[in-house]
Number of protein chains: 2
Amino acid sequence: MTDITPIHHTDTDVSDMLRRAGLRPTRQRVSLAEILFSKGDRHVSAELLHEEAVAVDVPVSLATVYNTLHQFTEAGLLREVAIEGTKTYFDTNVSDHHHFFIEGENEVFDIPGEGVGIGSVPKAPEGMEIVRVDVVVRLRPKR
Amino acid sequence: MTDITPIHHTDTDVSDMLRRAGLRPTRQRVSLAEILFSKGDRHVSAELLHEEAVAVDVPVSLATVYNTLHQFTEAGLLREVAIEGTKTYFDTNVSDHHHFFIEGENEVFDIPGEGVGIGSVPKAPEGMEIVRVDVVVRLRPKR
DNA sequence: ATTTGTGCAAATCGTTTGCATCTGA
DNA sequence: TCAGATGCAAACGATTTGCACAAAT
């Protein structure tokens with residue numbers, strides 16, 4: 001009875017991840033975390049994540065999705081992607097990297113490998129320190 | 001009577017600029033352009049520009065400010081700055097350059113001179129072409 | 001039992017739009 | 001004259017918030 005539950009193996013992983021992050025592993029947090037982190041790098045908007053959750057029969061409310069995304073971000077599990085446009089995107093890839101952004105489509109994805117190198121980073125103005133350097137390469141369908 | 005009006009000298013300049021850009025120099029467009037372009041490089045939000053206009057007794061409506069900012073942008077007189085956050089900023093500096101962004105304060109300003117160099121620009125994915133590369137250096141007040 | 005999270009609906013914020021009324025060439 | 005511009009208010013989409021209820025430790 002204790003060993004024939006491979007189905008919950010992921011739940012446990014995720015629960016531990018959440019606990020380690022200082023978040024109580026509630027039903028909806030675990031479900032959202034599974035959706036977010038089980039398919040490799042993703043860039044989701046709150047609305048998209050909400051739709052996916054509902055589609056998988058995890059009827060979270062949109063407000064909870066927003067709360068959860070922000071909590072995950074604070075906990076360092078997600079990174080908010082700073083692209084213009086009305087919507088906010090959350091990136092499951094928390095490491096240092098940059099993004100491509102397709103204008104019109106409002107689609108975001110990582111620039112693979114060492115595609116970008118920042119030649120020289122400017123010195124921060126007096127009394128300021130650099131938090132992060134974001135590079136966004138804007139694309140448009142050719143022709 | 002015709003020669004003692006140095007006050008309108010700027011109006012004329014701006015009117016010409018607008019005409020050249022294919023925009024009718026209406027009262028509000030001229031006023032907004034003066035506010036925008038007479039003080040060197042600026043980064044304004046629609047709301048800020050609206051407040052400034054009202055403060056100088058040019059009671060434009062906020063809707064007109066938005067329309068005007070977009071028209072100026074299309075005409076190449078302004079550049080929309082793509083920083084996250086709810087607000088959209090318009091930059092009177094249309095040349096190629098990058099930005100500092102102070103978190104919390106929501107303040108944007110140009111990175112002076114050749115502060116940033118992009119070492120290597122990644123190749124665009126199949127069928128895509130690069131429109132522009134935006135670099136945002138995020139700052140935070142030290143300590 | 002206590003603390004923390006969740007859902008819902010209403011509220012907010014920035015921005016856009018429809019439409020009747022003005023205005024510049 | 002009359003195409004184009006403006007103002008107002010209502011519409012909108014994304015996100016946040018207040019509060020009663022539910023769930024986790």
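Quantities reported herein were computed from a predicted structural model and do not represent experimental measurements. We name chains A, B, ... by the order of the sequence lines, and we start the count at 1 in each one.
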Is the closest side-chain heavy-atom distance between [X] and [Y] below 4.5 Å?
{"X": "I102(B)", "Y": "F109(B)", "result": "yes"}
{"X": "F100(B)", "Y": "V136(B)", "result": "no"}
{"X": "V14(B)", "Y": "F37(B)", "result": "no"}
{"X": "H98(A)", "Y": "I118(A)", "result": "yes"}
{"X": "H97(B)", "Y": "D91(B)", "result": "yes"}

* Asked: Can D110(A) and H99(A) be counted as having a side-chain donor-acceptor contact under 3.5 angstrom?
  -> yes
* Asked: Quick one: what's the B/S/- string for nucleotides 10-25 of chain D, heavy-atom cutoff under 4.0 Å, read 5' to 3'?
  -> ----SBBB------BS
* Asked: Given the side-chain rings of H50(A) and Y66(A), with only the six-membered ring counted for Trp, is the space between their centroids under 6.0 Å?
  -> no
* Structure fact -> Axis-to-axis angle for the helix from dA1(C)-dT25(D) to dA25(C)-dT1(D), ends of five pairs each, to 10°, equals 30°
* Could you tell me whether the side chain of T92(A) and the main chain of R42(A) form a donor-acceptor pair under 3.5 Å? => yes
* Nucleotide dG4(D), atom C1' - distance to CG of L23(B) in whole Å -> 11 Å
* Asked: In the single-linkage hydrophobic clustering (I, L, V, M, F, W, Y; side-chain heavy atoms under 4.5 Å), do V108(B) and F90(B) co-cluster?
  -> no
* When clusters are formed by joining ILVMFWY residues with side-chain heavy atoms under 4.5 Å apart, either directly or through shared neighbours, do L23(A) and L78(A) land in the same one? -> yes
* **N/O (side chain, T64(B)) to phosphate O (OP1/OP2, dG7(D)) under 4.0 Å** => yes
* Asked: What residues in residues 74-82 of chain A put a non-hydrogen atom under 4.0 Å from any atom of DNA chain D?
  -> none
* Asked: Listed by chain and number, what are the side chain to side chain donor-acceptor pair (under 3.5 Å) partners of E129(A), not counting sequence neighbours?
  -> R140(B)
* Could you give the start and end, 5' to 3', of the contact zone on DNA chain C for chain B, using atoms under 4.0 Å from its heavy atoms? -> dG14(C) to dA25(C)
* To do: Provide the full list of side chain to side chain donor-acceptor pair (under 3.5 Å) pairs with a residue in residues 17-33 of chain A, sequence neighbours left out, each pair given once.
  => R29(A)-Q71(A)
* Which value, rounded to the nearest 0.5 Å, describes the distance between F72(A) atom CZ and M17(A) atom CE? -> 8.5 Å
